[in-house]
Amino acid sequence: MKKILVIGAGGQIGSELVLQLRNRFGEQSVVASDVKPECPAIIINGPYFQLDILNKEEVRNFIISNSFTDVYLLAALLSATAEKNPDFAWKLNMEGLFTILDLAKEGYLKKIFWPSSIAVFGPTTPKNHTPQYTIMEPSTVYGISKQAGERWCEYYFNKFGVDVRSIRYPGLISYTSLPGGGTTDYAVDIFYRAKKEAKFNCFLSADTELPMMYMEDAIRATIELMEAPKEAIKIRSAYNLSGCSFTPSQLTDKIVDHIPTFEITYSPDFRQLIADSWPKSIDDSHARNDWGWKEKFDLEKIVDIMLENVNSDLI
Ligand code: NAD
Ligand code: SER
């Protein structure tokens, strides 16, 4: 019997992942947990437990005593927030991973999902169609933590047979929860501002191209990767994954098709340097070949859905 724990379930990815996992495996089989004391309203349909991933003993006891089989570890500081608090970002992003990898190594877990990011790449990485295997010299604390995490995941697989699976998510776009402090957040914020006041001040420059993905695609990829047969998973660091790529200016043009009065201004801040160090587009042929990945949402579909569904009262 599968019993799933999602850690960091109250965030942008976790809230949608929990709902999809519950649809698939049953409400009682998927426990959501987060450091937040209250269960976020969106995932109230099943069990919730307040859990701090940095409280190693409590996490160990909770996982062992409840006989969880699979853990999705999502708790982390994202790129922009991490730059403001590098010490804590390193601690949060790394210590939790070791707690979960060690539980699997000791035989208490069957499978782990831990997300990586396009932030593992850096200024010396080829920017277009960035290959799976290439130069990786990340220049942010977030990217360094994700790259180190990837190395440790592969190490635990090779040395101890831990079944850990990972994706280098691009920037994720969704309307159910607000994003949690990333450099790609502009591509979510813009929809709220477009709907609320038909204007947006963007913290990246007009021509900053970044890889992005609609959340439904990202959740489907995550579950497909986790449900793929073990033999199909050839990469135990993290898979490149691609949805679509666009600039703030290209996104604006699509929004103007729906809201002709929409106007964008640009005030690049510290996040511009982060974005400039990341790829423009991603080659995800390994994910396509190994476990059949294919995206469904292009920029036009994303804009249609976001403008229809964002609740601008949330900001
Ligand atoms: P988020 O910030 O929206 O959510 C993270 C959640 O973790 C929050 O609900 C937060 O309360 C929780 N959390 C923080 N500290 C915790 C702790 N000590 N114990 C337990 N929970 C804690 O982030 P997200 O966008 O949902 O990202 C989830 C994961 O996916 C992260 O590892 C992130 O690096 C990765 N990722 C996200 C994106 C993206 O665009 N959203 C892209 C690439 C990778
Ligand atoms: N969306 C994430 C960020 O901007 C990428 O990992 O931090």
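Note that ligands are numbered from 1 as they come in the structure, with each ligand's atoms numbered from 1 the same way. Nothing here was measured: the structure is a model prediction, and the numbers come from that model. Below, each value reflects all heavy atoms present in this structure, side chains not excepted, and no hydrogens, waters or symmetry copies.
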**Student:** Tell me whether L172 is reachable from L241 by hopping between hydrophobic residues (I, L, V, M, F, W, Y) whose side-chain heavy atoms are closer than 4.5 Å.
**Tutor:** yes

**Student:** Can you figure out which of V35, N55, L17 has its heavy atom closest to atom 16 (C) of ligand 1?
**Tutor:** V35

**Student:** Heavy-atom distance to atom 7 (O) of ligand 1: which of A187, G8, P115 wins?
**Tutor:** G8

**Student:** Would you say the side chain of L251 lies within less than 4.5 Å of the side chain of I302, judging by non-hydrogen atoms?
**Tutor:** no

**Student:** Exactly one of F113, Y133, W291, Y169 should register a ring-ring contact (aromatic ring centres under 6.0 Å, His included) with Y239. Which one does?
**Tutor:** W291

**Student:** Run down the list P170, S117, G14 and name the one with the heavy atom closest to atom 42 (C) of ligand 1.
**Tutor:** P170

**Student:** Does F200 form a ring-ring contact (aromatic ring centres under 6.0 Å, His included) with F262? I'd like the steps, not just the answer.
**Tutor:** CA-CA 8 Å; F200 178 63; F262 178 68; 7.2 Å; no

**Student:** Any chance you could lay out the side-chain hydrogen bond (donor to acceptor under 3.5 Å, both in side chains) test for S79 and T183, step after step, and finish with the verdict?
**Tutor:** CA-CA 6 Å; S79 58; T183 302; 2.8 Å; yes

**Student:** Hey, does S116 come in under 3.5 Å of ligand 1, counting only N/O atoms on both sides?
**Tutor:** no

**Student:** Could you tell me whether K301 and D298 make a salt bridge, using a distance below 4.0 angstrom between a side-chain N and a carboxylate O?
**Tutor:** no

**Student:** Is it true that K196 and D313 have a side-chain N and a carboxylate O under 4.0 angstrom from each other?
**Tutor:** no

**Student:** Kindly indicate whether the side chain of Q132, heavy atoms from C-beta on, has any atom under 4.5 Å from the side chain of D283.
**Tutor:** no

**Student:** Identify, by atom number and element, the atoms of ligand 1 in contact range of G180, meaning under 4.0 Å from any of its heavy atoms.
**Tutor:** 2 (O), 3 (O)

**Student:** Which residue and atom name correspond to the protein heavy atom nearest atom 1 (N) of ligand 2, and how close is it?
**Tutor:** T184 OG1, 2.7 Å

**Student:** Determine whether K146 and P138 make a side-chain contact, defined as any pair of heavy atoms from C-beta on separated by less than 4.5 Å.
**Tutor:** no

**Student:** Could you give the distance from CG (L5) to CG (L109), rounded to the nearest 0.5 Å?
**Tutor:** 8.5 Å

**Student:** Using a strict 4.0 Å cut-off to heavy atoms of G10, name the atoms of ligand 1 that fall inside it.
**Tutor:** 9 (O)

**Student:** Less than 4.0 Å between a side-chain N and a carboxylate O, is that true for D189 and R193?
**Tutor:** no

**Student:** Is E308 salt-bridged to K195, cutoff N-O under 4.0 Å?
**Tutor:** no

**Student:** Mark yes when over 12 heavy atoms from residues, nucleotides or ligands other than E263 sit less than 6.0 Å from its CD; otherwise mark no.
**Tutor:** no

**Student:** Checking a contact table here: which protein heavy atom is nearest atom 26 (O) of ligand 1, and how many Å away?
**Tutor:** I13 N, 2.9 Å

**Student:** List every atom of ligand 1 that sits less than 4.0 Å from any heavy atom of A76, numbering the atoms from 1 in the order shown and giving each element.
**Tutor:** 31 (C), 32 (O)

**Student:** Students should be able to answer this: which protein heavy-atom is nearest to atom 11 (O) of ligand 1, and at what distance?
**Tutor:** D34 OD1, 2.6 Å

**Student:** Looking at ligand 1, does any of its N/O atoms fall within less than 3.5 Å of an N/O of L92?
**Tutor:** no

**Student:** Would you kindly specify which portion of Y142 sits under 4.0 Å from ligand 1, judged on non-hydrogen atoms: side chain, backbone, both or neither?
**Tutor:** side chain

**Student:** Closer than 4.0 angstrom: is that true for some heavy atom of S79 and an atom of ligand 1?
**Tutor:** no

**Student:** Taking distance alone, with N or O pairs closer than 3.5 Å, would you say Y169 contacts ligand 2?
**Tutor:** no

**Student:** So among V164, I53, T99, which one has a side chain to side chain contact (heavy atoms under 4.5 Å, CB included) with L73?
**Tutor:** I53

**Student:** For ligand 1, which atoms, with element, lie under 4.0 Å from some heavy atom of K36?
**Tutor:** 9 (O), 11 (O)

**Student:** Counting non-hydrogen protein atoms only, what is the nearest one to atom 40 (O) of ligand 1? Give residue, atom name and distance.
**Tutor:** L172 N, 3.0 Å

**Student:** Any idea which of S117, A80, A275, S116 brings a heavy atom closest to atom 6 (O) of ligand 2?
**Tutor:** S117

**Student:** Short list, please: which atoms of ligand 1 are under 4.0 Å from a heavy atom of I53?
**Tutor:** 17 (C), 18 (N), 19 (N), 20 (C)

**Student:** Name the closest protein heavy atom to atom 4 (O) of ligand 1, giving the residue it belongs to and the distance to 0.1 Å.
**Tutor:** G11 CA, 3.2 Å

**Student:** Taking 4.0 angstrom as the limit and counting only heavy atoms of A75, give me the atoms of ligand 1 inside it, by number and element.
**Tutor:** 7 (O), 13 (N), 16 (C), 20 (C), 21 (N), 22 (C)

**Student:** Where does K146 meet ligand 1, judged by heavy-atom distances below 4.0 Å: at the side chain, the backbone, both, or neither?
**Tutor:** side chain

**Student:** Please could you name the atoms of ligand 1 that L51 approaches to less than 4.0 Å, counting only its heavy atoms?
**Tutor:** 19 (N), 20 (C)

**Student:** To check your reading of the model: name the closest protein heavy atom to atom 23 (O) of ligand 1, its residue, and the distance in Å.
**Tutor:** L78 CD1, 3.3 Å

**Student:** Where the closest heavy atom to atom 3 (C) of ligand 2 is concerned, which of P115, S79, P211, G171 has it?
**Tutor:** S79

**Student:** Consider side chain to side chain contact (heavy atoms under 4.5 Å, CB included). Of L17, V31, V30, which one does R22 pass it with?
**Tutor:** V30

**Student:** State whether a side-chain donor-acceptor pair under 3.5 Å links Y156 with D102.
**Tutor:** yes

**Student:** Kindly say whether the aromatic ring centers of F191 and Y175 come within a distance under 6.0 Å.
**Tutor:** no

**Student:** Could you tell me the residue and atom name of the protein heavy atom closest to atom 43 (C) of ligand 1, and the distance to it rounded to 0.1 Å?
**Tutor:** Y169 CB, 3.3 Å

**Student:** For ligand 1 and G171, I'd like to know whether there is a polar contact (N/O to N/O, distance under 3.5 Å).
**Tutor:** no

**Student:** Mind checking whether I118 contacts ligand 1 via backbone (N, CA, C, O), side chain (CB onward), both or neither, at a 4.0 Å heavy-atom cut-off?
**Tutor:** neither

**Student:** Examine D52 against ligand 1 and note whether any of their N/O atoms are separated by less than 3.5 Å.
**Tutor:** yes

**Student:** Check Y186 against ligand 2 and report side chain, backbone, both or neither, counting heavy atoms closer than 4.0 Å.
**Tutor:** neither

**Student:** With heavy-atom distances below 4.0 Å as the criterion, list the atoms of ligand 2 near T183.
**Tutor:** 3 (C), 4 (O), 7 (O)

**Student:** If I apply the N/O under 3.5 Å rule, does Q12 come out as touching ligand 1?
**Tutor:** yes

**Student:** Could you state the interatomic distance from CD1 (I274) to OH (Y142), rounded to the nearest 0.5 Å?
**Tutor:** 10.5 Å

**Student:** Which part of S33 is near ligand 1, with near meaning a heavy atom under 4.0 Å away: side chain, backbone, both or neither?
**Tutor:** neither

**Student:** For ligand 1, is there an N or O atom under 3.5 Å from any N or O atom of I7?
**Tutor:** no

**Student:** Is P179 close to ligand 1, meaning an N/O of one under 3.5 Å from an N/O of the other?
**Tutor:** no

**Student:** For atom 5 (C) of ligand 1, what's the nearest protein heavy-atom neighbour? Residue, atom name and distance, please.
**Tutor:** L74 O, 4.1 Å

**Student:** When you group the ILVMFWY residues by side-chain heavy-atom contacts below 4.5 Å and let the links chain together, are L101 and L225 in the same group?
**Tutor:** no

**Student:** With a 4.0 Å cut-off on N to O distance, would you call E150 and R168 a salt bridge?
**Tutor:** yes

